Amino acid sequence: MDWISLLLVPAIKSLVVVVALLTGFAYLSYVERKLVARFQVRYGPNRAGPFGILQPISDALKMVFKEEIVPLNVDHVVYLLSPALTVMPALVIWAVIPVSGASFTLFGQTITPYVSDVNVGLLYILAIASLATYGIVLAGWSSNNKYSLLGALRTSSQMLSYELPMGITLVSVLLIAGSLSLVDIVQAQRGVWFALLQPIGFIIYFICGLAEAGRSPFDLPETENELVSGFATEYGGIKFALFFMGEYIHMITISALATTFFLGGWYGPFVNQIPVLGLVYFLIKVAFMIFLIVWIRASLPRIRYDKLMHFCWKFLLPLSLLNLVVTAVVLVLVG
Amino acid sequence: MTAVPTSWFLLLSAILFVIGAGGVLLRRNVLIMLMSVEMMMNAVNLTFIALSRHLSSLTGQIFVFMVMAVAAVEVAVGLAILIELNRLRATTDVDDVSSLKG
Amino acid sequence: MAQQLQQGLFLALAGVAVVAALGVIFNRNAVHSALSLLANFVALAMLYVLLNAQFIAIVQVAVYAGAIVVLFLFVVMLLGAGGEMQMGGWLNWRTAFIVAAALVLLTLTGTAVFEGTINGAIGTATPEQIAQVGQTEAVGTALFTDYLLPFELASVLLLVGMLGAVVLGQRWRGAIAGRPSGEAE
Amino acid sequence: MIIQSIWLAIAFPLAGLLFNGLLGRRLGRGVVGIVGPGTVALAFVVGLFAGLDLLALPAQDRAIVVTLWNWISVGSFRAGMSLLADPLSVLMVLVVTGVGFLIHVYSIGYMEHEEDRLYARFFTFLNLFIVSMLILVLADNYLLMYVGWELVGVCSYLLIGFWFRRGDDPQDPVRLKDGELVPVPANLNPADSGKKAFIVNRVGDFGFALGVFLIWTTFGTLNFADVFGAAPEIASGTVTVITLLLFVGAVGKSAQLPLYVWLPDAMAGPTPVSALIHAATMVTAGVYMVARSHALYALAPTTSLVVALVGVITALYAATIALVQTDLKRVLAYSTISQLGYMFLAVGVGAYASGMFHLTTHAFFKALLFLAAGSVMHALGDVIDIRRMGGLRQKMPRTYWTFVIGALALAGFPLTSGFFSKDEILAKAFEFSPILWALGLLTALLTGFYTFRALFVAFWGSARDQELFDHAHESPGVMTWPLILLAGLALFGGILGLPQILGVDHALAGWLHPAFADLEGEGAEAIHHGLSAGLEWGLLGLSSVIALLGIGLAYWFYVANPGWPADLAVRFKSVFKLLVNKYYVDDLYDLLFVDPGKALARFCAQGIDNAAIDGIIDGGARLIVQGGAWLGRLQTGFIRHYALAMFLGVIVVVAYFFLR
């Protein structure tokens, strides 16, 4: 009885989330290719199945059946470990993201719409996000390849740098919500979305999210023209697929967090009457954020690396600090 | 009430501390030594947290918080010194850096 | 049930922590040592959760795993010190002495842990009480009231440490006479 | 009423001091030359109006205390930053600022060859002196007076040593008729002279400070009014000790026996300084202090006798030395000492108003004489030896004539200011004791003689140093006009205090009467001598005759029979040598104080400091170095060794807790 609620239910929920994310990743790649193609006035994948809808599956099969190549002189253990380390944090973050507002009962168990609601949720996200660096750094180092190492160092310093304004922005959110729990944060947005209370914070978060996920225009880690393929140069087959997966799941995670922190999470019209709408609203908002990210990728050119770092340290960081101070002062004044 | 006895944690802490100390004493690579020092600090932190629970006091946790701040500073400065050392001597071996002797 | 579960969890985590700790000091490769250190830290963080100190656990992950070990890895890569290291002769009188001393210390502390009792003033921060106000709030309140001065001092220390690291890490391109510039490149 | 703002008299020179000190160097000598004298002139005007305000008050109210702020307040000890404006202090203010102003103006010309930096510095110091002197004379308590007293000492030191880079000034020996050379002691260099003045003054100041302490313990206050009011109830022995201690200070400051030695050497300073500080004002501070403390001195007849004796002996003593000096400024310096002796004679016999009168007239004619001497030096390129001068009266008529007037006043030529003031002192002395009078009269004879000796040698006859003579020229107007003004004062200053028998009021005594009114009519006695009219006429006539006799002797010796002095010198060779060497007092002091002092200092430096103290420190350092070398062997340089030590320490600590 006890172990069901303690172990089994979370395990099943985790499984659901992971499966959903893997599927989401697969179709996200499809959607992105389609969208980018449309932006570029092309058709995109349209051979496998109607509208190319089976394209992700064929891609996956191709990846899986590729020959496993492990280059000479790599650090075996680390080389094999790093793709997994890349995917893991992005998945683990989902443990605390509430996807809907309503719990429901199944087989006598009250199922909450999140794996866990820890009271240090926001800190948890920051802590886990900071672990995302490892996969990349280790991949770059273990490949025993200059391009890989440079790409890895670039990526990790980029991620570490952009973590700062992101964290500070989230502190502003935390100040308004008054809780570290993500459920509480979403509930605090019942009336007004934090995107409206924290417009600057939202924009900073979004920019930092792009950089964290290594998305265009901050996709320096994989600048083909400079670094071949960055930290992933020496990877192929399923291992490359894992990196790929990591990036896309990261993207979804960033979008989901943006939704949770700024766009009111599951809230929307009539959500109190029809609880299941919460999940729908949540997914719509996430999809919108993902669309924004793809749109930006299709529109903006890549930024030079030094400009990227300067932008972070000399503009975003002071701006986020200012935002934090203003938020705190206003909160004190308003009460 | 407490499922795991405090003494278990204390013993684990002692073991980790001794291992860390052994690392400091046995290894000659400054990096490994620094890591071992960090490990020793963590062992002490574990003691603090365990006793914090045992005594129902938050002071232990606060102490750990401060230790973490100090550890962060220590690593930052220590590694900066290490890099400078590497620039000057092209080594990370502590036994190569023994010119400060009586 | 929950007790066995927790004890089992403790033993597993303790095993991970000890193995990882041994890995730190016995690995020939500094990157592997750093990874072992990471494992050690994460295991400790989980032990903190077990000790009902979630806040510290998260901070542990964020600070140690998220920052300190990354810094170690960076430096390892920067210095190119990741390669195999000469471990030197292990079996000499010095090592034996150190191991013996370590065993003595371990015996002493172990005996103390199991024979002694912990006498100390019992505070008010019982798990129930903490659960009522929330873990983070409890630590935060203590930090900003009773321990405000240490907290501020810690912030100053961090600032100074940051400046120190920046200054130390700077490349002196002959800006200061007497500083080697060329050979360091 | 401007008298309530008497502090302005200090504030103006203070502003000038700050201005010149901070900006003068940058603004150039034109501005400095206006600001320096201008501020002093303003102070003089303030003093003048304050005097008029005093006159407007009823006689018994002529003492205004202006408290600026509470300076020190510790326990029962109170010292206010408060000023006392009464006829006595206002007279001093007028003398200081009036003469000071003229000397400031004169300095513009005299210092014109100095570089801008020194020029500004000189005027800064001069203003500082004016400020200090005004603090001294305006103070209403002994502590503030002591502050001024020390400050003028500092100024004196700074100004004597103004040319501190110059070396010793060697003096040509005197060639006697029989061919023997009598060596003349070399003049000290300015830096050493300054030190000498300062150190000798410290001896006197020490006594003064002790006196102030004793006043404090006796009266519980330092305020003039309170002290004087309470004085009659105090045991006369205590009062005697107090007054004697205060008089020690006066002896130092006013260069009386035995602490006079610094004043001749102070002539190493620029001549305006000699005129202002070492003739007209600062050295009279002692006289002023005694006059200010007359209520105490009147209660201590023993002290008064000592004062009078010291005064008259100093007067005679200094006059004898002045007879043979070859340095024009030194002749004047010794005459200053001598005249100060007169003033002490006056205050010693209780004739405070007469002392102040002589102080005033002396300020006029001695400043005049010094400035004229300075004019000569200016003309001759700083040559001061009268043996190289001669015939200057054709070259520098204005200087010559003003010098003549000053000399006449100094010699007590009838109807000049010096005549009246000196005669008044002599009359009072005669009344007190004919012996003192006789000594004073002898001094007056010598005064006339040495003054005109200097005059005749320097200005009459033919040029002894033709090259120098050709070089000589009259000084510019900015220097001669102050001379002419001072000459006027020296000539007619006597009308301030015409004797009663001439049928006029004694103006100065009348003015000072309110300040001395507490002396039960003694102030009035300055006007009404206890002597009969006939006796007084007789003394007056005798004084005139003596003065004329002195001048005549000088003429006889140095103009009519130029060979005689040399003959006399050969005949009384030992006396002559004694006088040239100033009775060997300086050598005696060197032997008694300076050499033992130096020996002690050498002992302290080499014996105690080098050997003992440095030995302890060096030994300690060597010990630490040795110990460090031993302990340093523990520092292997291997970090692991240190870590191991720490680890073992941990084990020990744990074991301690375990086994406890």
Side-chain angles (χ1 to χ4, degrees), chain A residues 1-7 73-79 81-82 85 88-89 92 96 116 118-144 146 148-150 152-153 155-157 159-160 163-164 167 174 178-181 184 231, chain C residues 1-6 8-9 23 27-39 41-42 45 48-49 52-78 80-84 130-140:
Chain A
M1 181 62 210
D2 194 20
W3 65 276
I4 292 181
S5 62
L6 199 67
L7 286 180
N73 289 333
V74 298
D75 188 312
H76 275 263
V77 181
V78 181
Y79 177 78
L81 196 65
S82 24
L85 276 179
M88 220 152 56
V92 170
V96 295
S116 162
V118 291
N119 57 12
V120 287
L122 204 152
L123 278 178
Y124 171 84
I125 286 172
L126 288 177
I128 298 299
S130 64
L131 293 183
T133 329
Y134 282 105
I136 290 160
V137 173
L138 291 174
W141 174 77
S142 64
S143 297
N144 198 8
K146 290 246 176 354
S148 298
L149 186 62
L150 282 177
L153 286 178
T155 315
S156 45
S157 41
M159 289 172 84
L160 288 175
E163 238 168 55
L164 284 172
L174 160 70
S179 170
L180 287 169
S181 159
D184 290 349
F231 59 87
Chain C
M1 176 68 209
Q3 184 167 347
Q4 276 91 346
L5 196 68
Q6 286 199 24
L9 203 54
N27 257 316
R28 283 163 181 254
N29 189 314
V31 172
H32 292 178
S33 285
L35 285 178
S36 300
L37 191 66
L38 178 65
F41 287 165
V42 173
Y48 293 167
V49 176
N52 202 21
Q54 290 91 345
F55 177 74
I56 294 294
I58 295 295
V59 175
Q60 163 95 358
V61 173
V63 173
Y64 277 110
I68 290 182
V69 179
V70 175
L71 211 54
F72 271 117
L73 273 178
F74 262 50
V75 172
V76 171
M77 293 177 187
L78 208 65
E84 299 288 309
I130 290 178
Q132 205 181 346
V133 292
Q135 174 81 24
T136 317
E137 285 85 343
V139 176

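As the structure is a computational prediction, the values presented were derived from the model and not from experiment.
Counting only heavy atoms from C-beta outward, the side chains of Leu73(C) and Trp141(A) never approach each other to under 4.5 Å.
Annotation for Ser157(A) and Phe74(C): closest pair N-CZ, 4.0 Å, computed over non-hydrogen atoms. Smallest separation of non-hydrogen atoms from Leu160(A) and Gly66(C): CD2-O, 4.2 Å.
Looking at Val42(C), there are no atoms closer than 4.5 Å to chain A (heavy atoms on both sides), in backbone or side chain. Contact of Ser156(A) with chain C is made through backbone and side chain together, with heavy-atom distances under 4.5 Å. Both the backbone and the side chain of Leu123(A) come within contact range of chain C, judged by heavy atoms closer than 4.5 Å.
Your options are Ile128(A), Leu180(A), Val137(A), and the one with the most heavy-atom pairs under 4.5 Å with chain C is Val137(A). The choice from Val70(C), Leu35(C), Ile58(C) that makes the most heavy-atom pairs within less than 4.5 Å of chain A is Ile58(C). The greatest number of non-hydrogen atom pairs below 4.5 Å with chain A, out of Val63(C), Val59(C), Val69(C), is found for Val69(C).
Looking at Tyr134(A), its side chain does come within 3.5 Å of a backbone N or O of Ala65(C) through a donor-acceptor pair.
In this structure, Met77(C) CE and Leu138(A) CG are separated by 5.5 Å, a value rounded to the nearest 0.5 Å. Of the inter-residue distances, the one linking Ser179(A) atom OG with Glu137(C) atom CD reads 6.5 Å to the nearest 0.5 angstrom.
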